[in-house]
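Structure, as structure tokens:
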Amino acid sequence: MRAIIDCNSFYSSCEKVFKPALKQKPIVVLSNNDGCIIARCDRAKKLGIDMATPFFQMRPLIEQEGVEVFSSNYNLYGDLSRRVMEILQQVVGASNVEVYSVDEAFLSLYHFDPEELTLLVRTLRATINQWTGIPVSIGVAPTKTLAKIANRIAKKNKKHTRGVYVLDSPDTIADALQRTAVKDVWGVGSRYADKLVNLGIHTAWDLRQLSEDWVRKHLGGVVGVRLLKELKGEEAVEMKDGLDKKKMIATTRMFGHTVTELKDIKEAIATYTTRAAEKLRRQGGAASLISVFLISQEKIDTTNFRHGPTVSSYTVLPQPTSNTAELITPAVRLAEALFQAGKKYKKAGVTLSGIVPDEMVQGDLFLQGRSLGRFLMEMVDNINFSMRDDTVKFAAAGTRRNWKMQQSYHSPRYTTRWNELFEISC
DNA sequence: TCTGGGGTCCTAGGACCC
DNA sequence: TCTGGGGTCCTAGGACCC
């Protein structure tokens, strides 16, 4: 059996851990740049605040209802996520945990007695809540896709399920599939959902009745076939071991304001390259290709939000590297080539790909000083990690940061910065 | 009048996830 | 006035090879 464990309204829950006075209050968390609403606690959901809606549109309602607002605090969420995942690894064994996202993990439970699964996951849920303060929901079923459906039922009916739902018989599975709209199936996005509903396929149960040929033809080939098998209880989406490395690493951001100066664009690109290179070194990789994109502002159209056109370009590096300096130079050159004076830019990004293990990079007689470069980057990473972000940085990344994102409602990084520790007065 | 039949590799773009 | 930031996988189609 598989389980999916999902932290409820994760970002909101993290904020509430350190502000217990907000426990019964509605709160929301905003995306970078305070642009969109990306997390709402149950109370905020009940007020009709939707996911991913622009903050400014919801602002009147938020103020009227006294909803507490937070900018996203990824240091805090990342640290609490790590604590939750560690508990899972302790209880079911590290090799049986697949960390799927910051707030979700799949578990493999074949080594437990099927009779005891309900008790096991109930205990797990209570332990996580007691040790971290984060509430979770858990779904258990024969496949990942069915576990997702079980999890959704657990979350939707908390009173009845107490956050845990197990699908362990053909009857419970059939019942769950009939209660699940096709758009709520894992792997069915809005495009496929529209297509299916137009054909009279409304529930996960309806979807399960389709033929393999049909889904192969209309739901993305082998992707659709996998989905169908999973709904029928046949495993088609394997557990991944957590060790796999990223094949692509990106750092992209909206700017705080529109940017018109090439100098600012270059600083932003150098900064994003620095971030991306850090991620690359953390997984012991070297990139052989770097690409840069810029997005300019579209004419204002209030009904349909659209980004302006994306312009992008890439460079194949002379040899794979993880050295920030060797990556900044081509990245900035790409930005210069893409930049057009007179345009207003909203967003930019850097993507590293063609990633190979750093130790396997061949030495090149004509590219000197590699080992020195590696030593330098290690020093910089160590200083930045132990002191604080960006104690040491490259000059190209600039100091003015005219483009930097807005964050007006930031909570303290309670668990990862000494000077922001949670304080108790007595 | 008639113009092969395999392969591989790469990129762009679509669809999905949280 | 103000609309996130990552990722993955798959397919189609073009270029090229013999």
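Since we're looking at a predicted model, the values are computed, not measured. The chains referred to below are lettered A, B, ... by the order of the sequence lines, with proteins before strands, and numbering in each begins at 1.
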Please list, for nucleotides 7-9 of chain C, all pairs of protein and nucleotide N/O atoms separated by less than 3.5 Å.
{"residue": "C:dG7", "atom": "OP2", "partner": "A:A250", "partner atom": "N", "Å": "2.5"}
{"residue": "C:dT8", "atom": "OP1", "partner": "A:K247", "partner atom": "N", "Å": "3.3"}
{"residue": "C:dC9", "atom": "OP2", "partner": "A:K247", "partner atom": "NZ", "Å": "2.8"}

Checklist entry - Roughly, in whole Å, what's the span from CZ in A:F56 to C1' in C:dT3? => result 6 Å
Next on the checklist: Between A:R333 and A:E336, does any NZ, NE, NH1 or NH2 come within less than 4.0 Å of an OD or OE carboxylate oxygen?
Outcome noted: no
Item to check | Pairwise C1' distance, C:dC17 and B:dG4 [rounded to whole Å] | outcome: 14 Å
Checklist entry - Does the pair A:E267/A:K263 count as a salt bridge with the N-to-O cut at 4.0 Å? => result yes
Checklist entry - Quick one: do A:D79 and A:R83 make a salt bridge, cutoff under 4.0 Å? => result yes
Item to check | Sequence neighbours excluded, every pair satisfying side-chain hydrogen bond (donor to acceptor under 3.5 Å, both in side chains) that has a member inside residues 156-165 of chain A | outcome: A:D42-A:K158
Checklist entry - Is the distance between the ring centroids of A:Y345 and A:F339 under 6.0 Å? => result yes
Checklist entry - What one-letter contact string describes nucleotides 11-18 of chain B from 5' to 3', where B marks a base within less than 4.0 Å of any protein heavy atom, S marks contact via sugar-phosphate atoms alone, and - marks no contact? => result ----SSSS
Item to check | Separation of C:dT3 P from A:D34 CG (nearest whole Å) | outcome: 11 Å
Checklist entry - Using 4.0 Å as the upper bound for N to carboxylate O, is an ion pair formed by A:E212 and A:R216? => result yes
Item to check | Residues A:E104 and A:K148 bridged, charged N to O under 4.0 Å | outcome: yes
Checklist entry - Between C:dG6 atom C1' and A:R253 atom CZ, what is the distance in whole Å? => result 9 Å
Item to check | Rounded interatomic separation in angstrom, taking OH from A:Y74 and C1' from C:dG6 | outcome: 9 Å
Checklist entry - Which dot-bracket string fits DNA chain B when only Watson-Crick or G-U wobble pairs with both atom distances under 3.5 Å count, crossing pairs get [ ], and | stands for a partner on a different strand? => result ....||||||||||||||
Checklist entry - CD1 of A:I38 versus P of C:dG5: gap in Å, rounded? => result 10 Å
Next on the checklist: Tell me whether A:E238 is salt-bridged to A:K144, with the criterion being a basic N under 4.0 Å from an acidic carboxylate O.
Outcome noted: no
Next on the checklist: The criterion is side chain to side chain contact (heavy atoms under 4.5 Å, CB included); which residues satisfy it with A:A141, sequence neighbours excluded?
Outcome noted: A:L146, A:A147, A:L167
Checklist entry - Nearest-Å distance, CG (A:L227) to C1' (C:dC10)? => result 14 Å
Item to check | Atom-to-atom span, CD of A:Q57 to C1' of C:dT1 - whole angstrom | outcome: 12 Å
Next on the checklist: Closest-nucleotide mapping onto DNA chain C: is A:G220 or A:A52 further toward the 5' terminus? I mean the 5' end.
Outcome noted: A:A52
Checklist entry - Listed by chain and number, what are the side chain to side chain contact (heavy atoms under 4.5 Å, CB included) partners of A:R125, not counting sequence neighbours? => result A:V136, A:I138, A:V164
Item to check | Mutual orientation of the aromatic rings belonging to A:F18 and A:F422 [parallel < 30°, tilted 30-60°, perpendicular > 60°] | outcome: perpendicular
Checklist outcome for this item: A:H257 atom NE2 is separated from C:dT3 atom C1', nearest whole Å, by 16 Å
